[in-house]
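Structure record follows, encoded as structure tokens.
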2 protein chains.
Amino acid sequence: MLQTKPLCVCEITNVLRLAASTVSQHLKILKEAGFIIEEKDGKWVNYLINPRPGDPRISSFLTSLDFWIAEEALIISDKKKVMESDRNIICAK
Amino acid sequence: MLQTKPLCVCEITNVLRLAASTVSQHLKILKEAGFIIEEKDGKWVNYLINPRPGDPRISSFLTSLDFWIAEEALIISDKKKVMESDRNIICAK
DNA sequence: TCTATATTTCGTCCAACAACGAAATGAATA
DNA sequence: TATTCATTTCGTTGTTGGACGAAATATAGA
């Protein structure tokens, strides 16, 4: 999903239908592993693919990952939801 | 380990120190997923990397896997054990 | 300051998985 | 044929991990 565009926690919960606490946990793990980084944006925290991973294996993994799952129906569906999602409609009320 | 050379169940148990039933289970899963194949050899069953995977993602994965873990101390150690292991000494008594 | 919204932290619960031993199966050989 | 060794199957157990809700924290704006 983050390969489509940077996302905040609430946008991800909206696509995956998981609790915010669950999504936050997963993002924390991905961040500590070096796959993603976060950027504070006021009330929100944007998460995005780490543009400059310290470990070249991370870049390699992300490229391969895309190749492995890009054709999965569920992945296509989730990516589509990401592209259509608008934080201002989904998150704030 | 199978990227080093084909192995039978008892050689793998000897390196990993796991029960034969455990190793057999794992190999079954890898076989059903298309990563490895088996070749009967009398009393033994040799397992080896699938030389002609139906799904190109499998070849891709195996190549990447090697890149990701080749430098891990545990992997190096296990590969060394594999290279030194001799079925006739380890398995039969 | 008070409120609303986003996020994180924490503790708990449940499901999935890894590993095991015992018993069954298969194959070579005494 | 009986025995031995390799392997597989099956049922059980303990551990890990995922998901959750509640409570705490952070930020923007009324």
Side-chain angles (χ1 to χ4, degrees), chain A residues 1-2 4-50 61 65 68-69 72 74-75 77-78 81-82 84-93, chain B residues 1-2 4-50 61 65 68-69 72 74-75 77-78 81-82 84-93:
Chain A
M1 289 164 64
L2 294 182
T4 304
K5 70 175 183 186
L7 297 167
C8 65
V9 174
C10 64
E11 285 175 294
I12 297 174
T13 62
N14 186 263
V15 172
L16 299 181
R17 298 290 162 188
L18 293 171
S21 57
T22 302
V23 172
S24 179
Q25 259 311 93
H26 282 226
L27 291 169
K28 185 186 179 186
I29 292 166
L30 289 170
K31 187 178 67 176
E32 287 175 356
F35 288 89
I36 62 177
I37 61 172
E38 66 173 54
E39 285 178 354
K40 297 238 164 137
D41 177 17
K43 193 162 53 173
W44 290 289
V45 179
N46 289 323
Y47 285 94
L48 51 146
I49 300 288
N50 186 347
F61 179 84
L65 183 68
W68 296 327
I69 66 177
E72 299 284 329
L74 187 56
I75 301 300
S77 161
D78 285 347
K81 283 181 195 162
V82 168
E84 290 166 354
S85 90
D86 180 348
R87 176 182 305 174
N88 294 311
I89 295 171
I90 291 165
C91 302
K93 188 161 326 179
Chain B
M1 287 165 64
L2 294 182
T4 305
K5 70 175 183 187
L7 297 167
C8 64
V9 173
C10 64
E11 287 175 293
I12 297 174
T13 62
N14 186 264
V15 172
L16 299 181
R17 298 289 162 189
L18 293 172
S21 57
T22 302
V23 171
S24 180
Q25 257 313 92
H26 281 227
L27 291 169
K28 185 185 178 186
I29 292 166
L30 289 170
K31 186 178 66 177
E32 286 174 357
F35 288 90
I36 63 178
I37 61 172
E38 66 173 53
E39 284 178 355
K40 297 240 162 131
D41 176 18
K43 194 162 52 175
W44 291 288
V45 179
N46 289 322
Y47 284 94
L48 51 145
I49 300 288
N50 186 347
F61 180 84
L65 183 69
W68 296 328
I69 67 177
E72 299 284 328
L74 188 56
I75 301 301
S77 161
D78 285 347
K81 283 181 195 162
V82 168
E84 291 165 353
S85 90
D86 180 347
R87 175 183 306 175
N88 295 311
I89 295 171
I90 291 165
C91 300
K93 185 156 334 172

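Note on naming: letters A, B, ... go to the chains in the order of the sequence lines (proteins, then strands), and numbering restarts at 1 for each one. Values in this document were obtained by computation on a predicted structure and should not be read as measured data.
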Would you say the side chains of B/Arg87 and B/Asn46 form a donor-acceptor pair under 3.5 Å? yes

Using a cut-off of 4.0 Å on non-hydrogen atoms, how would the nucleic acid contact of A/Lys40 be classed: base, sugar-phosphate, or nothing? nothing

Closest nucleotide among D/dT7, D/dT9, D/dA6 to the B/Val9 side chain: D/dT7

side-chain N/O A/His26 vs D/dA19 OP1/OP2, d < 4.0 Å: yes

Between B/Lys43 and B/Thr22, which is nearer to the 5' end of DNA chain D once each is assigned its nearest nucleotide? B/Lys43

Roughly, in whole Å, what's the span from CG in A/Leu30 to P in C/dT7? 16 Å

Out of C/dT8, D/dC10, D/dT7, which has the shortest distance to the side chain of B/Ser21? D/dC10

Per nearest nucleotide of DNA chain D, the residue lying toward the 5' end, B/Cys8 or A/Ala19, is B/Cys8

Atom CG of B/Leu27 and atom C1' of D/dT7 are separated, to the nearest Å, by 11 Å

Nearest whole Å is fine: how far is C/dA18 P from B/Leu18 CG? 11 Å

Check whether B/Thr13 reaches the backbone of B/Cys10 with its side chain - one donor and one acceptor, N or O, closer than 3.5 Å. yes

Output the single nucleotide from D/dT7, C/dA18, D/dT8 whose closest atom is nearest the side chain of B/Ser24. D/dT8

What integer distance in Å separates B/Leu7:CG from D/dA6:C1'? 15 Å

I need the CD-C1' distance between B/Gln25 and C/dA22, as an integer number of Å. 15 Å

Between D/dT8 atom P and B/Glu32 atom CD, what is the distance in whole Å? 12 Å

Quick check: on DNA chain C, is the nucleotide nearest A/Lys28 upstream (toward 5') of the one nearest A/Trp44, or the reverse? Name the residue that is more 5'. A/Trp44

Phosphate OP1/OP2 of C/dT8: any A/Tyr47 side-chain N/O under 4.0 Å: yes

Nearest-angstrom distance from the residue atom CG of A/Asn88 to P of D/dA28: 15 Å

Do the side chain of B/Asn50 and the main chain of B/Gly34 share a donor and acceptor less than 3.5 angstrom apart? yes

How many whole angstroms separate atom CZ of A/Arg87 from atom P of D/dA28? 13 Å

So do A/Ile37 and A/Leu48 actually touch side chain to side chain, heavy atoms under 4.5 Å? yes

Which of these nucleotides, D/dG18, C/dT7, D/dT8, is closest to any side-chain atom of A/Cys10? C/dT7

Closest of C/dT8, C/dA6, D/dT8 to the A/Ala20 side chain is C/dT8

Would you call the rings of A/Trp68 and A/Phe61 parallel, tilted or perpendicular if under 30° counts as parallel and over 60° as perpendicular? perpendicular

